[in-house]
Student: 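Pasting in a structure now, in structure tokens, and then I'll have a few things to ask.
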Amino acid sequence: MVVKRLAMVLFLSVFLMLPLSAAMVSFLVIETGRREDMPIHALTGLWENELMDAFFDAGHIVSNAPIMRLATKPDKDFPDEAQGDLREAIAGGSELLIIALLDYQTPSGGGLEKLQGVSLRLFRTKPYNLVFTQQYSGAVSGSSKETLAAIKKAAQVLISHVRG
């Protein structure tokens, strides 16, 4: 009986001493090419929710800033308009910041805006640097099933760069 208890204590001691790491990840979703008076596009919310869910399910602590809207796609990897969100993420203890930039375009004859592409950018906050960037187009706005599959695949790619 003593041997069983000793074995159990040793097993639990080893298990509890394993390093557990969960990165704190902040998300910033940016829409471009949409009018300021329009509500947040449903696809934008879907991308934000699915990315955050994937990171949470992978064991990370997640937070997000309010969805931002810019008139045009920024030239820089990190838009100047998002500097305040970066400072807030750092002050909140985030180790990583992910920017999801969704670029919409309104057809020339009017009508509903169409998602042209998504750019995902992974930044470390300390030291600040761009870790990974990926562009998605085509399957980002098809059927719901295709869109969900594309988002989940994109999230797994990002998660692999967080671990590596």
Student: Can you see which heavy atom on L120 is nearest to which on W47, and at what distance?
Tutor: CD1-CZ3, 4.2 Å
Student: Hey, what do you get for CD1 (I67) to CD (E31), rounding to the nearest 0.5 Å?
Tutor: 6.0 Å
Student: Please say whether more than 12 non-hydrogen atoms of neighbouring residues, nucleotides or ligands are located less than 6.0 Å from CZ in F56.
Tutor: no
Student: Kindly compute the distance separating CG (D80) from CG (L86), expressed to the nearest 0.5 Å.
Tutor: 11.5 Å
Student: Do T125 and E95 get their side chains close enough for a donor-acceptor pair, meaning under 3.5 Å?
Tutor: no
Student: To the nearest 0.5 Å, tell me how far L101 CG sits from Q135 CD.
Tutor: 8.0 Å
Student: Distance only, no hydrogens: is a donor on one side chain within 3.5 Å (strictly under) of an acceptor on the other, for S63 and S26?
Tutor: yes
Student: Quick check on the hydrophobic clustering: are M52 and V162 connected, directly or via other members, by side-chain heavy-atom contacts under 4.5 Å?
Tutor: yes
Student: So do I99 and I30 actually touch side chain to side chain, heavy atoms under 4.5 Å?
Tutor: yes
Student: Are more than 12 heavy atoms, taken from residues, nucleotides or ligands other than N129, located less than 6.0 Å from that residue's CG atom?
Tutor: yes
Student: Do V29 and T44 have side-chain heavy atoms sitting under 4.5 Å apart?
Tutor: yes
Student: After noting the C-alpha distance and the side-chain angles of I61 and F55, does the key distance pass the side-chain contact (heavy atoms from CB on, under 4.5 Å) rule?
Tutor: CA-CA 8 Å; I61 303 163; F55 273 80; over 6 Å; no
Student: Counting C-beta onward and ignoring hydrogens, is there a side-chain heavy-atom pair between I151 and L46 closer than 4.5 Å?
Tutor: yes
Student: Could you go through the side-chain contact (heavy atoms from CB on, under 4.5 Å) check for F27 and L51 one step at a time?
Tutor: CA-CA 9 Å; F27 288 86; L51 287 171; 3.9 Å; yes
Student: Hey, could you give me the CD/CZ distance between E81 and R69, rounded to the nearest 0.5 Å?
Tutor: 14.0 Å
Student: For the ring pair F132 and F123, is the centre-to-centre distance below 6.0 Å?
Tutor: no
Student: Verify the distance criterion only: is there a donor paired with an acceptor across the side chains of Y136 and S119 at less than 3.5 Å?
Tutor: no
Student: Using a 4.5 Å cut-off on heavy atoms from C-beta on, say whether the side chain of Q105 contacts that of Q116.
Tutor: yes
Student: Taking the side chain as every heavy atom from C-beta outward, state whether L102 and T32 have any atom pair closer than 4.5 Å.
Tutor: no
Student: Could you please spell out the steps behind the side-chain contact (heavy atoms from CB on, under 4.5 Å) verdict for N64 and L28?
Tutor: CA-CA 6 Å; N64 65 320; L28 173 59; over 6 Å; no
Student: With no hydrogens and no angle check, is any side-chain donor or acceptor of H41 less than 3.5 Å from a backbone partner on L43?
Tutor: yes
Student: What is the minimum heavy-atom distance between I159 and A54, and which atoms define it?
Tutor: CD1-O, 3.6 Å
Student: Quick one: does H60's side chain have a donor or acceptor within less than 3.5 Å of a partner on V25's backbone?
Tutor: no
Student: Side-chain contact, heavy-atom cut-off 4.5 Å: Q134 with V118?
Tutor: no
Student: Quick one: pull up NZ in K153 and CG in L158 and give me the separation to the nearest 0.5 Å.
Tutor: 13.0 Å
Student: Looking at every non-hydrogen atom in both residues, tell me the closest pair between V131 and H161 and how far apart they are.
Tutor: CG1-O, 4.4 Å
Student: Search all heavy atoms of I40 against all heavy atoms of G45 and return the closest pair with its distance.
Tutor: CG2-N, 4.5 Å
Student: Which distance, rounded to the nearest 0.5 Å, do you find between the CG of D53 and the NZ of K152?
Tutor: 8.5 Å
